[in-house]
Amino acid sequence: MTTNSPNSTAAILMEALPYIQKYSGKTIVVKYGGNAMTDPALQQSFARDIVLLKQVGINPVVIHGGGPQIGNLLKQIGKESHFVDGMRVTDAETMDVVQMVLGGLVNKQIVNMINQAGGRAIGLTGKDGNMIIAQKMEHPEVDLGHVGEVIEIDASVVKMLEEDRFIPVIAPIGVGRDGTSYNINADIVAGKMAEVLNAERLLLLTNTPGVLDKQGVLIEALSQADIQNLIADGTIQGGMLPKLACATDAISAGAKSASIIDGRVPHAVLLELLTDQGVGTMVTP
């Protein structure tokens with residue numbers, strides 16, 4: 001283990017200072033998923049990042065996924081997972097499992113992890129306080145069951161927790177006006193939450209370095225016009241398309257900027273927010 005000299009430690013802190021000042025009192029929405037959720041060392045570094053942000057006056061709001069954990073439990077009970085266009089077909093029985101895993105097991109694991117790192121996390125689902133009102137997502141060919149899309153978000157409970165020094169940790173489960181529960185993509189919920197909270201930054205943790213050009217080199221910054229050009233020439237495709245759509249929608253609706261960052265890098269959140277270099281692709285208006 002290497003130990004930084006006092007001078008290098010001071011230099012690191014001074015590099016972070018202007019970013020701490022810039023984001024102080026502001027909201028940062030973080031979508032937590034991928035390897036960062038399953039690797040114990042990355043889990044610990046993520047929790048400490050979130051606690052440090054809160055400690056220096058920044059307000060992190062964590063939205064998490066849990067697809068692999070849902071798949072594992074379904075397998076244990078002998079139920080096969082089916083996906084259409086990347087979305088899990090969610091019948092009533094699967095929805096029960098989704099709520100148990102996302103709203104229970106995974107949510108409370110993240111809350112406990114942040115609390116063990118010295119934070120004060122509170123776990124929620126979109127059903128709490130009717131936070132996330134959703135409706136059934138229609139597909140032209142398949143009935144997706146309880147897969148939902150966001151109609152509106154009432155973030156008053158999130159704002160209340162932020163003001164009282166708590167860290168909200170939110171599972172992407174919504175509720176219909178008739179009380180039906182819906183499984184919603186965590187990226188979409190994070191983007192919508194960033195819009196409603198007028199967040200300073202939206203961070204989407206992934207298992208890739210960010211957006212890559214055709215030579216596989218990281219693109220560190222993209223405007224919305226750049227994104228359209230790269231989609232048109234085929235550089236951006238596949239699973240990156242919905243993430244960038246989520247990022248651009250959030251910016252169009254009020255978030256200041258959004259970044260797709262490599263969650264496989266230890267302390268990725270701090271590196272992206274509080275250093276000159278960053279660890280992903282920033283999308284700007």
Side-chain angles (χ1 to χ4, degrees), residues 26-33 37 46-47 50-51 53-54 58-67 69-70 73 87-88 90 92-117 119-137 145-199 202-205 246 250 253-255:
K26 305 292 177 59
T27 294
I28 308 292
V29 175
V30 184
K31 187 269 178 163
Y32 179 49
M37 275 189 77
F46 174 81
I50 296 300
V51 172
L53 292 180
K54 192 68 177 181
I58 302 167
N59 295 317
V61 174
V62 178
I63 315 292
H64 66 83
Q69 294 91 331
I70 293 167
L73 184 53
M87 293 172 287
R88 185 188 302 276
T90 307
E93 185 181 29
T94 301
M95 189 65 221
D96 288 342
V97 171
V98 167
Q99 293 192 86
M100 283 191 291
V101 174
L102 289 186
L105 179 67
V106 173
N107 187 269
K108 300 316 172 193
Q109 284 177 341
I110 299 168
V111 166
N112 185 54
M113 195 170 66
I114 292 172
N115 290 346
Q116 288 296 309
R120 299 175 72 202
I122 298 284
L124 302 164
T125 77
K127 297 173 76 171
D128 291 304
N130 279 342
M131 187 196 319
I132 302 173
I133 302 299
Q135 65 183 10
K136 181 181 174 70
M137 180 179 286
H146 290 256
V147 175
E149 54 188 1
V150 177
I151 299 176
E152 64 183 63
I153 291 181
D154 177 356
S156 54
V157 67
V158 176
K159 294 175 183 175
M160 181 180 68
L161 291 172
E162 282 187 321
E163 290 167 4
D164 204 19
R165 301 288 300 160
F166 289 102
I167 299 167
V169 177
I170 303 167
I173 298 167
V175 61
R177 299 197 189 280
D178 61 355
T180 303
S181 299
Y182 290 103
N183 179 20
I184 309 174
N185 179 282
D187 288 330
I188 292 172
V189 172
K192 296 293 184 185
M193 188 64 71
E195 293 176 19
V196 172
L197 293 173
N198 197 25
L202 167 64
L203 304 183
L204 303 173
L205 272 66
C246 163

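Keep in mind that this is a model prediction, so the values were computed, not measured.
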Any side-chain heavy atom of I28 within less than 4.5 Å of one from V61? no
Residues P60 and P168: closest non-hydrogen pair is O-CD, 3.6 Å
For the atom pair CG (L105) and CD (Q69), what is the distance rounded to the nearest 0.5 Å? 7.5 Å
Candidates I153, N59, V158 - the one meeting side chain to side chain contact (heavy atoms under 4.5 Å, CB included) with L197: V158
Residue pair A199 / V29: nearest heavy atoms and the distance that separates them: CB-CG2, 4.0 Å
Tell me every residue that passes side chain to side chain contact (heavy atoms under 4.5 Å, CB included) with I133, counting only those two or more places apart in sequence or in another chain. N130, I151, E152, V175, R177
Determine whether K31 and L205 make a side-chain contact, defined as any pair of heavy atoms from C-beta on separated by less than 4.5 Å. no
side-chain contact (heavy atoms from CB on, under 4.5 Å) for I70 and L102? Distances and angles first, verdict last. CA-CA 8 Å; I70 293 167; L102 289 186; 3.9 Å; yes
Return each pair, listed once, that meets salt bridge (Lys or Arg N to Asp or Glu O under 4.0 Å) where at least one residue sits in residues 153-167; pairs must be two or more places apart or across chains. none
Side chain to side chain, I167 and I50, heavy atoms closer than 4.5 Å: yes
Looking at side-chain heavy atoms only, is the closest gap between R88 and T94 below 4.5 Å? yes
With I184, the side chain to side chain contact (heavy atoms under 4.5 Å, CB included) member among V147, I132, I63, V98: I132
Nearest heavy-atom pair of G191 and L202: which atoms, and what distance? CA-CD2, 3.9 Å
Which pairs with one or both residues in residues 96-106 pass salt bridge (Lys or Arg N to Asp or Glu O under 4.0 Å), sequence neighbours excluded? none
What pair of heavy atoms forms the shortest contact from I173 to G103, and how long is it? CD1-N, 4.0 Å
Can you sort out the partners of N107 under side chain to side chain contact (heavy atoms under 4.5 Å, CB included), two or more places apart, ordered by chain and number? H64, V111, V169, A171
Indicate the ring-plane relationship of H146 and Y182, choosing parallel, tilted or perpendicular according to the 30° and 60° boundaries. tilted
For the backbone of D178 and the side chain of T180, can you confirm whether one donor and one acceptor N or O come within less than 3.5 Å of each other? no
Any side-chain heavy atom of L204 sitting closer than 4.5 Å to one from C246? yes
N/O donor to acceptor pairs below 3.5 angstrom from side-chain atoms of residues 119-127, sequence neighbours left out:
from, atom 1, to, atom 2, distance (Å)
T125, OG1, K127, N, 3.1
K127, NZ, Q99, OE1, 2.9
K127, NZ, S181, OG, 2.7

Test of understanding: with salt bridge (charged side-chain N to carboxylate O under 4.0 Å, His left out), list the residues that count as partners of K26, not counting sequence neighbours. E200
Mind checking the CD1-OH spacing from I114 to Y32? Nearest 0.5 Å is all I need. 8.0 Å
Could you go step by step and tell me if N183 and M95 meet the side-chain contact (heavy atoms from CB on, under 4.5 Å) rule? CA-CA 7 Å; N183 179 20; M95 189 65 221; 4.0 Å; yes
Look at the side chain of K192 and the backbone N and O of V150, then say whether any donor-acceptor pair between them is shorter than 3.5 Å. no
Quick one, V157 with D128, criterion side-chain contact (heavy atoms from CB on, under 4.5 Å). Give me CA distance, side-chain angles, the key distance, then yes/no. CA-CA 9 Å; V157 67; D128 291 304; 5.9 Å; no
